Every structure is written in C-alpha cells, then in structure tokens.
*Asks:* 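I have a structure here, written as structure tokens, and I will follow up with some questions on it.
A note on names: the letters A, B, ... follow the listed sequences, proteins ahead of strands, and every chain is numbered from 1. Source: prediction; values computed, not measured.
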Amino acid sequence: MPRANEEIEALLQEYADLIAITGGDAFRARSYEKAARAIGGYHADVTKLDAKGFQEIPNVGKSIADKITEYLTTGQISVVEERRRSVPAGVRELMTIPMLGPKKAMLLYDELDIASVDQLLDAIHHERLRDLKGFGEKTEENLLHGISLMQKAGNRILLNAAMDSAEQIVAELSRIKGCEGCTYAGSLRRMRETIGDVDILVAAEKSAPFMEALAGLPYTAETIAHGDKKTSIRTTRGLQVDLRVLPPDSWGAGLQYFTGSKAHNIRTREIAVRHKLKLSEYGLFDVETGKKITSGTEEEIYERLGLPWIPPTLREDRGEIAAGLRGELPDLVTEKDIRGDLHTHTDLTDGLAPLEDMIAAAAACGYAYYAITDHAPDLAMQRMTREKMLAQRERVRALDRKHRGMRLLHGTELNIGPEGDVDWPADFLAGFDICVASIHSHFNQSRRALTRRLIRACENPYVAVIGHPTTRRIGKRPGIDADFDAVFEACARTGTALEINAHLERLDLGDEDILRAKRYGVKFAVDSDSHSTTHLPYMRYGVATAQRGWLTKDDIINTWTLTKLRAFLRPKP
DNA sequence: GCCGTTTTCGGCCCGACTGTTTTCAGTCG
C-alpha cells in the first residue's frame, strides 16, 4: 500500500539495522541507511525506473540497484531475509527505545536472551541488568522512561501512514458496483496526530461485496471480524481497518457518528435530548413518535440541532458546540489558502534534492512564493559556511520568477544555542530574506534556561519564525520543558511567528499549544520542513493541525500576500 | 557499500552528551 519506494526504504533500513546489530561494518550499515533515505525521498516511483535509473538515485550503486531489482521481481531481498533469520525481530524492536542502539540491543540478546520489550521490562524489574557491562542504575531508569513513552503512543501510527492506507482502500471500494459513497471517518477524518485504527464507511444497499473486497485485498493479513454490518481486518503492517456499510439514507448520521470524537458526540446527543430528539448512527429521531427526522447528510443533522456544520478537525469538544450555537465558529484556514512554504531544505545540507528540483516541485504545488532555508554552521554536521550560503543565494536569485512566476526567498534555519544565541552575527543575518530559528540539542536544560533561551531567540531582530518550537518527536521524545506561556507572550510582543511544522513525527506546535498561543495574539507559519520533493505535500497535515488549533488564514503568515509577508519579515525594531 | 578538485583506494557529517568508566563506548541529532 505505501509506494514501492517506501517499502524498499523500510527494507534497506532494516538491513542497515541488522548489519549494525550483528556488528558488521558501520560504514556499510550507513551506506544502506543513506540509500534507504534517498530512495524513500526520491521523486520518481522506482517501479517506473530501469536498472540504470536506480543508480541515478544518490547513494545507490550497483549492489543496491541489484537489490531493488530483486525486490521488484520477487517481492523480497534475499540477504535481508537471511539476516532476519539470525536476529529475532524483537531485538530490532528494542532499538526503537530511545537510548538503546544496536550494540546494547545485541548485548541484551546475547547475554540475557532478551528479544522483546516485555522481556526487557521483566529483566529490569528483576534487576538482571545490573551485572551487564555498560548498564547501571541510571540506564535502567532511562530505559523505563523510554519504554513508557513508547507505550503511551501505544500502537498508534503516524497520521500519513494511516491516511495512505485509508485513501487506497477508499479508492478500491469506491470502484465496486453499488457504492453510493465511501470515505474514511474516525480520528483520521479529524486528523488527529496519531491514529489507532482506520474507520471506513460505505453507503450501499448490499454490504457483502464490500466486505469480501476488503478481506481480499493483497495487503490484508488477517480478518479479525466478519459480519453483515462490520468487517475488521489487519493489514500486513499491523494496522486495523474497520469497514462499516450503511444504507445510503443513513449516510449522514453514520458519518457523523463514526467521525466522533466521542466527547463531541456526547455533546450533540445532549442537544438532541433537549430538543426531544434522539441521535444515533441511524439518524435523528423524534423521541415521542420514534419517527426518523433526518439522516441523509451531516449538514441536515447539525442544522436540525440548531448548529452549523462543524468541520471534523474541530470535533473534539473544545468549545466548538458552544461556538457553533453562537454562530462564532472560526473560518478555518484551508490548504488552498497557503501561498508558500517557508521552511525547506536542499542537498546543500541534509536535504535529498537539489535546489532546482525543490523549486520546480514547489512551483508545481501552485505556490506564489517559496523559501529555501538550509541549516546554518552551528549544526556542525551540516558543514555550512558563509561562502556556501552566499553561493546558494546567487543561484536562488537567478531562479527567482523562473518557475511559474514563483518568487523565491533565500533564508536559513538557524540553530538556537544553549544560551539562546544563533549561528551568525547581525550583519550576516541581515542578508537573508527569512530566518527560521530552532532548537536541535541540549533538550534537558532547566525549565528556566530553556524558557530564557527561546525568548532570547524571539528577541533577535532577524529571527522571524521559531521552528518546531517544542522539538518533540511523536512517540520518541517529549517536547522540551519550557514555560511556553512566557514564550508565547514573547512571540506576540516581538512579532515572531511560531511554526506549525508539518513533519509527521513533529506536528509541532501541536493543536493544544496552538490554541494556547493564539490567545496571546501570536502569528503562525505552517511549514513542511521538506528534506525532499516528496515531503512538500505534507503541508496538508500542517494545515489540518492548524485547523485543529482553530486558526484562520489571518493567523498564518504564509497565507498572506508577499508584500504583507515581507513587511512581517523585516528586522524587528 | 558508495564515492571521487582524494579518482579504483581510503575515506565516509562532526561534535557533544551520558553514564559508565577511570579513559571511553554508545547514542543522538
């Protein structure tokens, strides 16, 4: 279901992990990692390339090209299968725990036969790690913390992974004769940042053809439940998909019910009760007569309850019902309001695509303007220099207006150091059209230090946007512990925008922080933080997150005209 | 395993932090 590029990326990444676990050449492991990333982010579909085309992908040579060919013809890569046999899958799973890399994972397996997270937990609780070389009390504590973080994320998967599966299934089921409507509902329709399982709804008179089709899809690994009204399957990737087939005339009620959230539905049902009505997945009914009033569309149901239609991204019982009753729902930003992307990378630093490719892909998104913001030198691994940056600027200037008239902004993503200072002095920063500044390290400073650090960055006259403000990685790392109310206040005071980073592991700021920040009058920038042309479309998830934070286009600087945006980007007094 | 202003070998993003050690290995961004 994901495109072949992603399948191969996952396989090669797995191979790299297996090499690292079994103590193979670290540089060889790294080669596979680099190739995996390059293939995953490559603009062209590998199934459309020939063997020669594979080697045009950066970091892919003869050996890896052969492995791609093998995968496309046989569906697997034999050396990966071989290595899998010598290392239990659970050992690799251990590596997903923060602080646990290949060496420690293998040591745990070799010495203590630990090959799953549960076994590790058990061993920690029985103090069996104490005698292991390199493991101490603090390590145990960190492991427990890491495991609890993972378990809090549970089996939920990232938004785009669920969306890819759902859209594919919807496309398949929509083709079946008798389908009068088909869409996804649940937390996916509400665009929550992680998804537990996917709910698909179909409107049709007969359910059987749809149930059978779902059970028979190539990526269906097992059927969990199979009935008249509902079928549940698990995909080969472990994602649960529930399909419900509704009679066409109860489409609206079903969609409203299965979209949720539960808390939102409780509110709507309470309103129904007050109107002497009953709302269920089958429709809106008169309590006394039992007669159905309406069920065809969501709009009709909300209307009969005295409400305007409420966008799914707002249905979290965060005041949307009350706002709807007052007629004060926000006019939410949409993807077509976005005029440009203000945080993107190229292969000059850690991006995968050359400048020209990124710009062409951005122009194809229909943007009026686009900012290139490669990393600055304080992220030492990026090896940035003033000279490289100035040379890039010349190329950017030369490409200005050359793609569908799209205007280019030359910017940078600065690193906010431990004391809140950034890479370059004022005179050099003044040469950029836009400076995004973000935290990339020293996450464990005190709350006071972190707060001061972010506020100092806001106070820098050249910093226009704070990138991924909390620096969380969903399911991997919590956000930093800063006093964000103080930061939001500083952003509003200094005219610094906060980013809504659309990277699926970040979605940072998240919806709840956005709601809080908005109350301070802060402006936002919804950015993809693309490191490849294939990342540009993730903008949609940033916009959805902005919607979940109740933002309108006035709140978001990259919906503004270039003139208005440039005024905002001018150095602060 | 990939790559080339270093060109068929010999490097490979670099530095810092952490917890363990008592001088460093492992992990991370």
*Asks:* Have a look at A/Lys62 and say if it touches a base, only the backbone sugar-phosphate, or nothing, with a 4.0 Å heavy-atom cut-off.
*Replies:*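 Since only primed, P, OP1 and OP2 atoms lie under 4.0 Å of A/Lys62, the category is sugar-phosphate.
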*Asks:* For B/dG11 versus B/dT18, give the span between their P atoms, rounded off to a whole number of Å.
*Replies:* 32 Å
*Asks:* Under 6.0 Å from the six-membered ring centre of A/Tyr520 and within 45° of its axis: does the NZ or CZ of A/Arg493 meet both?
*Replies:* no
*Asks:* Whether A/Arg516 engages the ring of A/Phe488 as a cation-pi pair (distance to the six-membered ring centre under 6.0 angstrom, angle to the ring normal within 45°) should be assessed.
*Replies:*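 Not flagged: A/Arg516 not positioned over aromatic ring of A/Phe488.
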*Asks:* Between B/dT27, B/dA16, B/dG1, spot the one nearest the side chain of A/His442, thanks.
*Replies:* B/dA16
*Asks:* Does B/dC13 have OP1 or OP2 sitting under 4.0 Å from an N or O in the side chain of A/Thr349?
*Replies:*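 No, A/Thr349 has no side-chain N/O under 4.0 Å of OP1/OP2 on B/dC13.
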*Asks:* May I ask you to say whether A/Asp527 pairs ionically with A/Arg506, meaning some side-chain N is under 4.0 Å from a carboxylate O?
*Replies:*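 Salt bridge between A/Asp527 and A/Arg506, a charged N being under 4.0 Å from a carboxylate O: no.
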*Asks:* Taking for each residue the nucleotide of DNA chain B with the nearest heavy atom, is it A/Asn444 or A/Leu379 whose nucleotide lies nearer the 5' end?
*Replies:* A/Asn444
*Asks:* Say we look at B/dT8 and B/dG4: how far apart would their C1' atoms be, to the nearest angstrom?
*Replies:*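 Looking at atom C1' only, B/dT8 and B/dG4 are 10 Å apart.
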*Asks:* So for atom CD, which belongs to A/Glu394, do other residues, nucleotides or ligands contribute more than 12 heavy atoms lying within a distance under 6.0 Å?
*Replies:* no
*Asks:* Looking at A/Asn5 and A/Ala44, would you say the former's side chain and the latter's main chain have a donor-acceptor pair under 3.5 Å?
*Replies:* yes
*Asks:* Considering only atom P, compute the distance from B/dC28 to B/dT23 and round it to an integer number of Å.
*Replies:*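 Per the computed distance, 26 Å lies between those P atoms.
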*Asks:* Rounded to the nearest angstrom, tell me the gap between atom CZ in A/Arg473 and atom C1' in B/dT27.
*Replies:*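 So the CZ-C1' distance, A/Arg473 to B/dT27, works out to 15 Å.
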*Asks:* My understanding is that a pair needs two contacts under 3.5 Å, Watson-Crick or G-U wobble. By that rule, which nucleotide pairs with B/dT8?
*Replies:* none
*Asks:* Contact class for A/Asp25 (heavy atom, under 4.0 Å): base, sugar-phosphate, or nothing?
*Replies:* base
*Asks:* Expressed in angstrom and rounded to an integer, what is the separation of A/Asp423 atom CG from B/dG29 atom P?
*Replies:* 19 Å
*Asks:* Round to a whole Å and report the spacing from CD1 of A/Ile57 to P of B/dG1.
*Replies:*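 Whole-Å distance recorded here is 17 Å.
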*Asks:* On a whole-Å scale, what distance lies between the P atoms belonging to B/dG26 and B/dT21?
*Replies:* 13 Å
*Asks:* What's the closest nucleotide to the A/Lys34 side chain, out of B/dC2, B/dG19, B/dC13?
*Replies:*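 Among B/dC2, B/dG19, B/dC13, the one nearest the side chain of A/Lys34 is B/dC13.
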*Asks:* Which whole number of Å gives the distance between the C1' atom of B/dT22 and that of B/dG15?
*Replies:* 22 Å
*Asks:* If I take atom CG in residue A/Asn142 and atom P in nucleotide B/dA25, what distance separates them, rounded to the nearest angstrom?
*Replies:* 20 Å
*Asks:* To the nearest Å, give me how far apart CD (A/Glu413) and P (B/dG29) are.
*Replies:* 15 Å
*Asks:* Among B/dT27, B/dG19, B/dG29, which nucleotide sits nearest the side chain of A/Lys138?
*Replies:* B/dG19
*Asks:* Quick one: which of B/dG1, B/dG29, B/dT27 gets closest to the side chain of A/Arg477?
*Replies:* B/dG29
*Asks:* Taking the minimum atom-to-atom distance to the side chain of A/Phe443, which one of B/dG19, B/dG29, B/dG1 wins?
*Replies:*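 Within the option list, the nearest is B/dG29.
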*Asks:* Contact class for A/Ser441 (heavy atom, under 4.0 Å): base, sugar-phosphate, or nothing?
*Replies:* nothing
*Asks:* Pick the nucleotide of DNA chain B nearest each of A/Pro58 and A/Ile97; which residue has the one closer to the 5' end?
*Replies:*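 Per heavy-atom nearest nucleotide, the more 5' residue is A/Pro58.
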*Asks:* Quick check for you: among B/dG1, B/dT18, B/dG29, whose closest atom lies nearest to any side-chain atom of A/Ser31?
*Replies:* B/dG1
*Asks:* Under 4.0 angstrom, heavy atoms only, what part of the nucleic acid is A/Leu100 near: base, sugar-phosphate, or nothing?
*Replies:*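 Sugar-phosphate: the residue A/Leu100, judged by heavy atoms under 4.0 Å, touches backbone atoms but no base.
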*Asks:* So with a 6.0 Å cut-off around CZ of A/Arg447, is the heavy-atom count from everything else above 12?
*Replies:*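 Enclosed.
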*Asks:* For A/Asn59 and B/dC13, what is the distance between atoms CG and P respectively, to the nearest whole Å?
*Replies:* 9 Å
*Asks:* Suppose you measure atom C1' in B/dG29 against the same atom in B/dC13; what distance do you get, rounded to whole Å?
*Replies:*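 So the two C1' atoms sit 11 Å from each other.
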*Asks:* On a whole-Å scale, what distance lies between the C1' atoms belonging to B/dC17 and B/dT6?
*Replies:* 32 Å
*Asks:* Are there more than 12 heavy atoms of other residues, nucleotides or ligands under 6.0 Å from atom CD of A/Glu137?
*Replies:* no
*Asks:* Give one of base, sugar-phosphate or nothing for A/Phe27, where a contact means two heavy atoms less than 4.0 Å apart.
*Replies:* base
*Asks:* Please give, in whole Å, the distance from B/dA16 P to A/His440 NE2?
*Replies:*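 Spelled out: NE2 on A/His440 to P on B/dA16 is 17 Å.
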*Asks:* Rounded to whole Å, please give me the gap between CG in A/Leu94 and C1' in B/dG26.
*Replies:*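 Rounding to the nearest Å, CG of A/Leu94 and C1' of B/dG26 are 15 Å apart.
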